[in-house]
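The chain is numbered in sequence order, starting from 1.
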Amino acid sequence: MKKVFGIIALSMALFACGGNKNDQTTDSVVAPVEEVVVAPTLQMGEWKAGEAVLTLNEDMTYTYVNGDVKKEGTYAFNAETMELTTTPKEGEAAVLKLTEAGLEMAPMAEGEAPMVFVAPAAPAVEEVAAEAAPVEEAPAK
């Protein structure tokens, strides 16, 4: 009889462990994380590489000054390839690659380093100081 009660008690313990399933399921949907790529942007203004200055104007014209050399012309920017093509009024077009470091011009001669034009500084936003702002006082009653 002890064996029967032992078997019944063991059976009840097994059913108790497996029989109380929680019907609530947690469906967690995780949205895929998109990789954010911050691409450099082409800014208008003066790009500097040492003594050389490349000025990009909003009307798609440019001026390049390096010592006594001055060139003017038009430019086009390909956002897919990140290449700036400058076409002077006289002479051959040049292609500059926009990188995180700046606009990189291919070396002029073998063995030279490429010329890298650094982007113009972003325009500063001026904040009005609290003490500089006029304060109106309420009329006394």
Side-chain angles (χ1 to χ4, degrees), residues 2-141:
K2 286 184 181 182
K3 289 184 181 180
V4 174
F5 283 130
I7 293 175
I8 292 173
L10 184 60
S11 300
M12 290 175 64
L14 289 175
F15 285 120
C17 290
N20 189 13
K21 289 189 178 180
N22 189 353
D23 290 338
Q24 294 178 351
T25 58
T26 55
D27 292 334
S28 59
V29 178
V30 177
V33 177
E34 293 183 22
E35 184 177 330
V36 178
V37 177
V38 179
T41 58
L42 184 67
Q43 297 177 10
M44 302 300 109
E46 289 187 352
W47 291 71
K48 296 183 180 183
E51 298 295 316
V53 177
L54 175 66
T55 305
L56 301 177
N57 303 310
E58 290 185 24
D59 64 354
M60 305 303 284
T61 61
Y62 79 93
T63 305
Y64 170 76
V65 178
N66 189 0
D68 294 337
V69 177
K70 181 176 181 179
K71 294 183 181 181
E72 294 179 325
T74 59
Y75 69 88
F77 181 68
N78 184 334
E80 289 181 13
T81 62
M82 301 301 278
E83 292 179 338
L84 176 77
T85 303
T86 58
T87 307
K89 292 178 182 177
E90 296 177 8
E92 295 184 24
V95 177
L96 292 86
K97 182 78 174 173
L98 182 61
T99 65
E100 289 182 12
L103 283 169
E104 188 173 310
M105 180 184 286
M108 297 294 187
E110 189 175 329
E112 285 185 358
M115 184 180 290
V116 179
F117 290 88
V118 179
V125 178
E126 294 182 22
E127 294 183 23
V128 177
E131 62 269 6
V135 178
E136 292 184 27
E137 295 183 18
K141 291 185 182 180

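Under a 3.5 Å cut-off, the side chain of K71 and the backbone N or O of E90 do not form any donor-acceptor pair. Without hydrogens or angle criteria, N57 side chain to D59 main chain gives no donor-acceptor distance under 3.5 Å.
For the side-chain contact (heavy atoms from CB on, under 4.5 Å) test with L84, the passing option among F117, W47, Y62, F77 is F77; the others fail.
Within 6.0 Å of CD on E112 lie more than 12 heavy atoms contributed by other residues, nucleotides or ligands.
Considering every non-hydrogen atom in both M105 and P114, the closest pair reads O-CB, 3.2 Å. Nearest heavy atoms, M115 versus A49: CG-CB, 3.5 Å. The minimum heavy-atom distance between P88 and A93, with the atom names listed, is CD-CA, 4.0 Å.
Separation of atoms CG (L56) and CG (L96) is listed at 9.0 Å; rounding is to 0.5 Å. Here the straight-line distance linking atom OG1 of T55 with atom CD of E46 works out to 4.0 Å at 0.5 Å rounding.
At a threshold of 4.5 Å between non-hydrogen side-chain atoms, the residues K70 and T63 count as touching. Side-chain atoms of T85 and N78, non-hydrogen and from C-beta on, never get closer than 4.5 Å to each other. Here the side chains of Y75 and L42 are in contact, with some heavy-atom distance below 4.5 Å.
The pair K97-E104 does not meet the salt-bridge criterion, since no charged nitrogen lies less than 4.0 angstrom from a carboxylate oxygen.
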